[in-house]
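Presented below is the structure to which this report refers.
All values derive from a computational prediction rather than experimental measurement. Residue numbers start from 1 in every chain, and the chains themselves are labelled A, B, ... in the order their sequence lines are given, proteins ahead of strands.
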Protein chains: 2
Amino acid sequence: MQEQTDPPDGPSPGLVSTAIQAITQHIRSEGLAPGDPLPSEAAMTRRLNVSRTVVREAFRSLSAMRLIDLSAGRRATVAKLDTGAMSMVIEHGITTQQISVQQVYDVRRTIEMRTVALAALRRTDMEAAAIAQSARLMRENFKNPEAVMEHDIAFHEAIAAASHNPVFSLIVTAFSGVTRRTWVIGWRTRSSDQAQLKMIKGHEDIADAILRGEPRLAAEHMAEHFDKSVKALLDAGIA
Amino acid sequence: MQEQTDPPDGPSPGLVSTAIQAITQHIRSEGLAPGDPLPSEAAMTRRLNVSRTVVREAFRSLSAMRLIDLSAGRRATVAKLDTGAMSMVIEHGITTQQISVQQVYDVRRTIEMRTVALAALRRTDMEAAAIAQSARLMRENFKNPEAVMEHDIAFHEAIAAASHNPVFSLIVTAFSGVTRRTWVIGWRTRSSDQAQLKMIKGHEDIADAILRGEPRLAAEHMAEHFDKSVKALLDAGIA
DNA sequence: AACAACAACCTGTCATACAGGTTTCGAGGG
DNA sequence: CCCTCGAAACCTGTATGACAGGTTGTTGTT
């Protein structure tokens, strides 16, 4: 009743890492899909011949990366694609000053120039409507910066979703946390109502170009939007 | 000796999540940099007024995302930026069929069109040499597919590094795992030596354009390279 | 057949114990 | 006085046992 991964392999990188690998391997080899249940901790404990402590830490680690979902009483299940882990990596980079906000914006610009073009080509009518609605809500709430920000973020995430490439969604969403921390700074540099409404108009132009299915135009508006945003951040002294 | 996060906030999302937040919060508020030590498990246990089990699982989770480094006997330290977590998310998406290989290549193309242009503008001489050397090693080992693949991956990572934006490096490196699983398929479709050498020539052209500091040209070669790679994968039946 | 109580199982958290690695600091020798 | 060696203190890795509370399936009653 004890064979498998005890003498042959696991000692150097630690038992927990081994367990993590065993679990991901299990998902792979069984071809599990999101929502499918994983073996219980007790079962894994027997299979790997380690203590429940080790198995628990492995499960917990995978849960932290959002590869599996845990909840009390129920078995762990395979998770749907989620940004959790990526967001934390990016935020860690920012808070430890290994990444600058400007660098994040450069990446966002690169990616969103593509998502906006893809969205213009592939958006469904519902997606186009959702994008347009986010822009509209920005205008309607424009006296409430926090609301504008949330609709702004939703706007960009909706465009990424309309690109029909989940990897783009993943990355764009991962950056939303950074946006939440810096957005206000950019907004403040647009001191007048006029400047703020102009920024909102830029979003509406993008939404319109997507609705009309014009990728080139949409990308141009997006480029302009980013250039102004970055300039605003630079003016505010963000490195 | 017991106050802080016991009655007021932490119960609903679980103690471990609370502990994770407390640790990241600690890094933030203390302004810790990579390499700096974190409090010991015992200290955290006292501060949060929870069992060591909970603190350990929190540390372990952060370690799984590569936000901190753990090693036996030593205190945990803040980690340098690392791709670990991102890679696992991407691979999880692939193995659970929530992401297709082609979608990853589309994102890679988008990003590397930019990194190659940035590399042409910002590369140091050493970086240009490293890129060129990877291309050269591809040619020298071209009878050994596995070696060619590793140098190919190193080539793209070196370009990302030369873009001087760590976020690009992070993403490109995160995709390397996927490349390792699909690269051979593309190589096999280039059945003749001539086709294989032509593909290597493409890399040399990119390296040359970067060396000469011509972003436009470099991007063109990169686009060509990706279009052919995607075509090769499609011909091989990769969805 | 519907429903309610129960039993079996599962995860969340705690306490304790010990092995093995790392750091620190002091004693002893040069 | 400095260098070296070794022991003590501290730290993490892993195992074990225990119990609370949630979930699920089963059984027995109405």
The answer to which of A:A72 and A:E57 contacts DNA chain D further toward the 5' end, by nearest nucleotide, is A:E57
Without hydrogens or angle criteria, can the side chains of B:R56 and B:S51 be said to hold a donor-acceptor pair below 3.5 Å? no
Distance check needed: C:dC10 P versus A:F59 CZ, whole Å only. 11 Å
At under 4.0 Å, does any side-chain N or O of B:R52 touch on OP1 or OP2 of D:dT14? no
Among D:dT12, D:dA15, D:dG13, the nucleotide that comes nearest once only the side chain of B:R60 is considered: D:dG13
A:S71 and A:R74: side-chain donor and acceptor closer than 3.5 Å? yes
Rounded to whole Å, the CZ-P distance (B:R74 to D:dT12) equals 12 Å
Considering every strand and a 4.0 Å limit on heavy-atom distances, what is the contact class for A:T53: base, sugar-phosphate, or nothing? base
Could you tell me whether the side chains of B:E157 and B:S176 share a donor-acceptor contact shorter than 3.5 Å? yes
Rounded to the Å, how far apart are B:M44 CE and C:dT13 P? 17 Å
Nucleotide C:dC14, atom C1' - distance to CG of B:N49 in whole Å: 12 Å
Rounded distance in Å - CG (A:L48) to P (D:dA15): 11 Å
Let me know the distance between CG of A:L70 and P of C:dT13, rounded to the nearest Å. 11 Å
For A:T96 and A:Q98, does a side-chain donor sit closer than 3.5 Å to a side-chain acceptor? yes
Side-chain N or O of B:R75 versus OP1/OP2 of C:dG21: is the shortest distance under 4.0 Å? no
For D:dG13, does either OP1 or OP2 sit under 4.0 Å from a side-chain N or O belonging to B:R56? yes
Regarding A:R139 and the six-membered ring of A:F142, is the cationic atom NZ or CZ under 6.0 Å from the ring centre and inside 45° of its axis? no
From CD of A:E41 over to P of C:dC10, roughly how many Å is that when rounded to an integer? 10 Å
When rounded to whole Å, the CG to P distance for the pair B:D69 and D:dC11 reads 19 Å
